[in-house]
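Before any comments, here is the structure.
Please read these numbers as outputs of a predicted model, since none were measured by experiment.
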Amino acid sequence: MYVPIMKTRAEELNVISKMNNYFSDSMIPLIEIIREEYDIKFEKNAETGEYIYEKKQGKKRRSKVKLPTTDDDIITLNKISERLNGKKAFVDFFRFNEREYDNKTFKNIELAIRLSRDYGFYKKRMLEIKDFQNFIPVISIKEGFAISKYDLINLINELRKHNTSIAIRITDNYLEDYYEVLEDHLTPEDYILLDIRDKHVDSKFLEIEELQDLETDAKKILLNSPRSRNHKNGDFENLLFTKKIDNKVAVIYKDYDLDGFGDFGGLKDVLPEEGGSNGMGAALGLIFSKEKNAFFSVVNNQTILGVKGFEYVRSEILKRLQLLDVDGSCTAIRRIKEMDKTFGNWGTWNNLTLTRYIQQQAKNK
């Protein structure tokens, strides 16, 4: 089984919508919910029932006046379900502590911040997953978010009332602490997701052996984030299969008799931050090959070009179709071919990296 891990940012949500036909019992995405989606409503004239318009400063056209959003307008899970089109997904109401990420000025993730600070709210949102039969709730245990064994068992039992399957996502340093709970309270329909974060799989062989030895009928999945946050785009090799991303987890999980693996599909495990890019930076394209279990890297180190540098990235990829898309079946490369006068931005190419990776991992399933 392969588990692509995706946050609820625009491009990853777009990938879910476009690539859900690849999802199945052998490929179940793990969706980290970091922000809410709302049903946007507009103000109407009480007498006529017609929409009220306003002309904002700097705009030529009038627009409808939006009403303030309320908790009753939240449609986060509904929208995710629509994008999945009935396919299964692990759903993780994402919590984090600031030590996990270098940036401190997080942007538009008020939901994740509230979930992180209020266990009662976190539990309430977890229990909402019951309304979606294709969702598998994920209880996440990691630094700053350890749960007492009593509370964990209680939450498992409450979720069990309405959910066929439950997943426990646990970082390797906590596995031993919850051994008995995992052995005694999970069923063959459940999942244990051992998360070794950005550590190389070889450095965690003892912890992975612990997972292997766990006496449970639950499915065992190994999660990893092999692309380091410390590597900037310009650090990658040009026109080579990069050594900056060691994708060994995608093959070694079988050596431990595990049921599958998961990763971020070639993306970094980062959160949105204030400021973002100043328009400059190295344009990077990463094209995964399942045969080589590696990413072909194309980078334009003329950082002054910013997103204009993707014209070079595109041209070099299209020169190598015999290497990267010999049968012409790749969805990502088809989209690269269709680019005309604009060649995308950072988000576009993250989308393409993830799209390619999902399609490649679906090969020979």
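Residues Glu110 and Arg114 are not paired through a salt bridge, judged by the lack of any N-O separation under 4.0 Å between the basic side chain and the carboxylate. Salt-bridge formation is not detected for the pair Glu189/Arg160: no Lys NZ or Arg NE/NH1/NH2 atom is positioned less than 4.0 Å from an Asp or Glu carboxylate oxygen.
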Evaluate the criterion side-chain contact (heavy atoms from CB on, under 4.5 Å) for residue pair Lys244 and Ser228; output intermediate values, then yes/no.
CA-CA 8 Å; Lys244 293 287 190 294; Ser228 172; over 6 Å; no

Determine, stepwise, if the pair Lys123 / Glu158 fulfils salt bridge (Lys or Arg N to Asp or Glu O under 4.0 Å).
CA-CA 10 Å; Lys123 183 177 178 180; Glu158 287 196 61; 2.7 Å; yes

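Of all heavy-atom pairs between Gln360 and Lys290, the closest is OE1-N, 2.9 Å. The heavy-atom pair separating Pro188 from Lys219 by the smallest distance is O-NZ, 2.8 Å. Nearest heavy-atom pair, Tyr191 versus Ile136, reported as atom, atom and distance to 0.1 Å: CE1-CD1, 3.9 Å. Nearest heavy atom pair, residue Gly285 against residue Trp349, reads CA-CE3, 4.0 Å. Smallest separation of non-hydrogen atoms from Pro68 and Asp73: O-OD2, 4.0 Å.
Thr76 places a side-chain N or O within 3.5 Å of a backbone atom of Glu37 that can act as its donor or acceptor partner.
Taking the six-membered ring for Trp, Phe261 and Tyr2 have ring centres closer than 6.0 Å. Aromatic pair Phe96/Phe106: ring centres closer than 6.0 Å.
At a threshold of 4.5 Å between non-hydrogen side-chain atoms, the residues Arg83 and Asn20 do not count as touching. At a threshold of 4.5 Å between non-hydrogen side-chain atoms, the residues Lys254 and Val251 do not count as touching.
Residues Ile147 and Tyr179 fall within the same hydrophobic cluster, defined by Ile, Leu, Val, Met, Phe, Trp and Tyr side chains chained together at heavy-atom separations under 4.5 Å.
Tested against Tyr357, the residues Phe296, Tyr22, Phe288 include a single ring-ring contact (aromatic ring centres under 6.0 Å, His included) partner, Phe288.
More than 12 non-hydrogen atoms from other residues, nucleotides or ligands lie less than 6.0 angstrom from NZ of Lys142.
With 3.5 Å as the limit, one finds no donor-acceptor pair spanning the side chains of Asn78 and Ser81.
Legend: residues meeting salt bridge (Lys or Arg N to Asp or Glu O under 4.0 Å) with Lys87, ordered by chain and number and at least two apart, are absent.
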